[in-house]
Protein chains: 2
Amino acid sequence: MIEPIPTQTLQRLPLYLNYLKSLPSDEVLNISATMIAEELRLNDVQVRKDLAMAGQGGRPKIGYPVKDLISDIEHCLGYDNIERVVIVGLDNMGRALLKYEGFSEYGFDIVAAFDFDESVIGTHIFGKQVLSVEKLPKICSRMKIKMGIITVGSKEAQSVCDLLVKSGIMAIWNFSSVRLKVPDKIIVQNENLASSLAVLSNHLVEKFRSV
Amino acid sequence: MIEPIPTQTLQRLPLYLNYLKSLPSDEVLNISATMIAEELRLNDVQVRKDLAMAGQGGRPKIGYPVKDLISDIEHCLGYDNIERVVIVGLDNMGRALLKYEGFSEYGFDIVAAFDFDESVIGTHIFGKQVLSVEKLPKICSRMKIKMGIITVGSKEAQSVCDLLVKSGIMAIWNFSSVRLKVPDKIIVQNENLASSLAVLSNHLVEKFRSV
DNA sequence: TAGATTGTTAATCGATTAACAATC
DNA sequence: TAGATTGTTAATCGATTAACAATC
């Protein structure tokens with residue numbers, strides 16, 4: 001039995017990866033958790049625990065071998081295991097995702113992009129052909145796609161979601177502000193800008209109350 | 001002394017707000033925490049605690065008055081207290097934010113948009129004029145802007161951040177994948193797509209290991 | 001009164017941090 | 001050996017959930 005990785009650890013792993021990759025690989029062969037922690041402003045024990053979940057472990061006084069650590073983390077995050085996904089909605093957010101650092105870097109391959117808007121259907125955006133949403137069910141079921149990204153507006157979100165579920169999709173990354181209703185089996189991850197804004201807005205208020 | 005609101009509560013408040021606003025205001029005058037919890041798939045005690053932090057409280061057997069609750073939450077989130085912000089980087093992510101449900105709905109007013117790219121400088125995007133980054137320090141300090149949004153690439157992120165800090169900005173919403181280095185006083189909120197991807201990717205792997 | 005609902009207090013759970021032993 | 005660093009065990013902290021009393 002492989003033990004599951006806590007969500008918080010999962011969220012920090014890309015930070016480590018990003019930092020490790022920024023190191024000059026010919027100069028820095030080993031790195032200590034203490035160093036990583038200081039650089040990313042985290043607790044060093046926390047870094048060590050996180051790394052223990054993802055990798056092989058380090059050596060006292062020496063630290064962790066950078067190269068191995070990078071590949072261990074990438075493996076742990078599934079970046080070496082390509083997952084085919086579809087995206088629905090090619091507004092600015094959809095385009096930002098399409099462009100986002102290749103996406104492929106993270107083991108995702110966007111095999112199809114869908115939209116309702118007649119004016120973009122048939123065109124290519126960042127090298128991907130845009131198809132009509134009508135074609136979604138056929139393509140998803142035929143290609144056995146398991147994951148979909150929703151970047152359409154609030155109005156269309158639930159119906160697009162239903163369509164994806166009907167087409168056999170198992171996981172949905174939801175950028176709309178709607179709380180999607182799905183069968184229990186389906187994984188939904190909400191990316192909620194309003195929530196982030198709420199946190200930030202409140203921090204600001206807190207800050208300036210004392211000043 | 002007003003007690004601070006926990007981050008998790010803060011993140012859920014917009015969900016409640018969204019749901020409450022979706023109700024037909026002439027039909028539903030009061031709503032129970034039990035109902036909200038069921039609808040958003042949360043624990044009802046949690047909803048009650050959250051609402052207690054934001055609002056006036058409800059009445060047994062009756063619930064919470066919808067109208068009051070909406071304005072209480074909005075007030076609590078600072079949405080009725082307009083904060084002027086600037087945004088740097090008008091790539092797709094920057095545009096998505098500019099467009100995002102008006103932004104103004106959440107009490108933020110984007111007073112200026114900056115970019116490096118000569119081809120967009122001087123143009124208008126969603127009604128906002130795009131200015132050269134060179135003009136940033138003068139405008140921010142003159143207008144006493146306290147908040148900035150960074151949607152530039154990894155390369156430019158830290159230098160834009162330094163520029164914002166030098167110009168008197170106190171809070172930064174960071175969409176780049178770089179871990180920004182700032183003085184202790186400055187609030188940074190990171191919006192990390194890679195972290196979200198990591199969580200989702202892992203959920204998928206977990207899911208299909210058992211199947 | 002009975003039942004739904006609120007709100008509070010206590011128990012549980014999970015994540016972070018502190019203390020410390022083991023190791024190179 | 002001394003000191004830096006890993007890794008583990010225990011303590012702390014914060015958030016969620018359960019139990020229950022109060023109220024309309």
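Heavy atoms only: backbone and side chains are in, while hydrogens, waters and symmetry mates are out. Just so it is clear: chains get the letters A, B, ... in the order the sequence lines come, proteins before strands, and each one is counted from 1. Quantities reported herein were computed from a predicted structural model and do not represent experimental measurements.
Across all strands shown, C/dT23 forms a Watson-Crick or G-U wobble pair, both distances under 3.5 Å, with D/dA4. If you check D/dA18 for Watson-Crick or wobble pairing at under 3.5 angstrom, you find it paired to C/dT9.
Under 4.0 angstrom from either OP1 or OP2 of D/dT6 there lies at least one side-chain N or O belonging to A/T34. Put simply, B/R59 has no side-chain N or O that comes within less than 4.0 Å of OP1 or OP2 on C/dT6.
Listed nucleotides: D/dC24, D/dT17, C/dT6. Nearest to the side chain of B/N43: D/dT17.
For the pair B/R48 and A/G63, both in contact range of DNA chain D, the more 5′-proximal nearest nucleotide belongs to A/G63. Ranked by how close their nearest DNA chain D nucleotide is to the 5' end, A/G58 and B/R12 are led by A/G58. Each of A/P60 and A/P6 lies near DNA chain C, and the nucleotide nearest A/P6 is the one positioned closer to the 5' end. Residue order along DNA chain C, read from the 5' end via each residue's closest nucleotide, puts A/L42 first among A/K61 and A/L42.
Atom CD1 of B/I31 and atom C1' of C/dA4 are 15 Å apart (whole Å). Between A/I62 atom CD1 and C/dA22 atom C1' the separation is 15 Å, expressed in whole Å. We find that CG of A/D44 is positioned 12 Å from P of C/dA19, with the value rounded to whole Å. When the P atom of D/dA15 is taken as reference, atom CD of B/Q46 falls 11 Å away, rounded to whole Å. The distance from atom OH of A/Y64 to atom C1' of D/dA4 is 13 Å, rounded to the nearest whole Å.
Ring-plane geometry between B/Y100 and B/Y106 is classed as parallel, the angle between the planes falling under 30 degrees on a 0 to 90 degree scale with a further cut at 60.
A/A52 comes within contact range of no nucleotide atom at all, as no heavy-atom separation falls under 4.0 Å.
A/Y16 and A/D50 share a side-chain donor-acceptor pair at under 3.5 Å. Using modelled atom types, one finds a donor on one side chain and an acceptor on the other under 3.5 Å when comparing B/D162 with B/Q158.
Remark: the backbone N or O of A/L90 is paired with a side-chain donor or acceptor of A/R95 at under 3.5 angstrom.
For a distance-only test at 3.5 Å, the side chain of B/K49 fails to qualify as a donor-acceptor partner of the base of C/dT6.
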